[in-house]
Amino acid sequence: MGFRPLHDRVLVRRVEAEEKTAGGIIIPDSAKEKPQEGEVVSAGTGARNEAGEIHPLEVKAGDKILFGKWSGTEIKIDGEELIIMKESDILGIVA
């Protein structure tokens, strides 16, 4: 892939949504909600503070994260749907 986010931006791949409920009921595509969990594909170098120093990001490629329902912008790169968002849109890292 030839894309690298700039500054405090992060490129995220959503995890696949569950096809069935815990009780075994199959969820149709029209009823599925977009998952709010993803994997960081790549991250920028960090944001600059008022003194011009770069503050590195806390997330890195490979981290599993949670983000808000309406966070980021959906983009398509090499036929794959990804999300680009600011690090501040990330709610936390899943351990």
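By convention here, the first residue in the shown sequence is residue 1. Every value quoted in this text rests on a predicted model; they were computed, and no experiment measured them.
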query: Going through the distances and angles, do Ile90 and Val10 end up as a side chain to side chain contact (heavy atoms under 4.5 Å, CB included)?
result: CA-CA 9 Å; Ile90 297 173; Val10 178; 4.2 Å; yes
- request: Check Pro5 against Ile84 and note the closest heavy-atom contact, atom names and distance.
  value: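 The pair with the smallest heavy-atom distance is CB-CD1, 4.3 Å.
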field: Heavy-atom check, side chain of Val12 versus side chain of Met85, under 4.5 Å
entry: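 Yes, close enough: below the 4.5 Å cut-off.
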- prompt: Should Ile93 and Val40 be counted in the same cluster of Ile, Leu, Val, Met, Phe, Trp and Tyr side chains packed under 4.5 Å apart?
  reply: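 The answer is yes; both residues are in one hydrophobic cluster.
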message: Let's go through Ile83 and Thr73 carefully: what are the C-alpha distance in whole Å and the side-chain angles of both, what is the deciding distance for side chain to side chain contact (heavy atoms under 4.5 Å, CB included) to 0.1 Å, and is it a yes or a no?
response: CA-CA 5 Å; Ile83 305 167; Thr73 303; 5.9 Å; no
task: Report the C-alpha distance between Ile75 and Leu11 in whole Å, list the side-chain angles of each, state the deciding distance to 0.1 Å, and finish with yes or no for side chain to side chain contact (heavy atoms under 4.5 Å, CB included).
output: CA-CA 10 Å; Ile75 59 172; Leu11 189 64; 3.8 Å; yes
Just how far is it from atom [atom1] of [X] to atom [atom2] of [Y], taken to the nearest 0.5 Å?
| X | Y | atom1 | atom2 | result |
| --- | --- | --- | --- | --- |
| Arg9 | Ser42 | CZ | OG | 13.0 Å |
| Asp8 | Leu57 | CG | CG | 6.5 Å |
| Glu58 | Ile65 | CD | CD1 | 12.5 Å |
| Ile77 | Phe3 | CD1 | CZ | 5.0 Å |
| Lys69 | Gln36 | NZ | CD | 5.5 Å |
| Arg13 | Leu82 | CZ | CG | 6.0 Å |

Using a strict threshold of under 4.0 Å (side-chain N to carboxylate O), is an ion pair present between [Y] and [X]?
| X | Y | value |
| --- | --- | --- |
| Glu37 | Lys64 | no |
| Arg14 | Glu80 | no |
| Asp63 | Lys60 | yes |

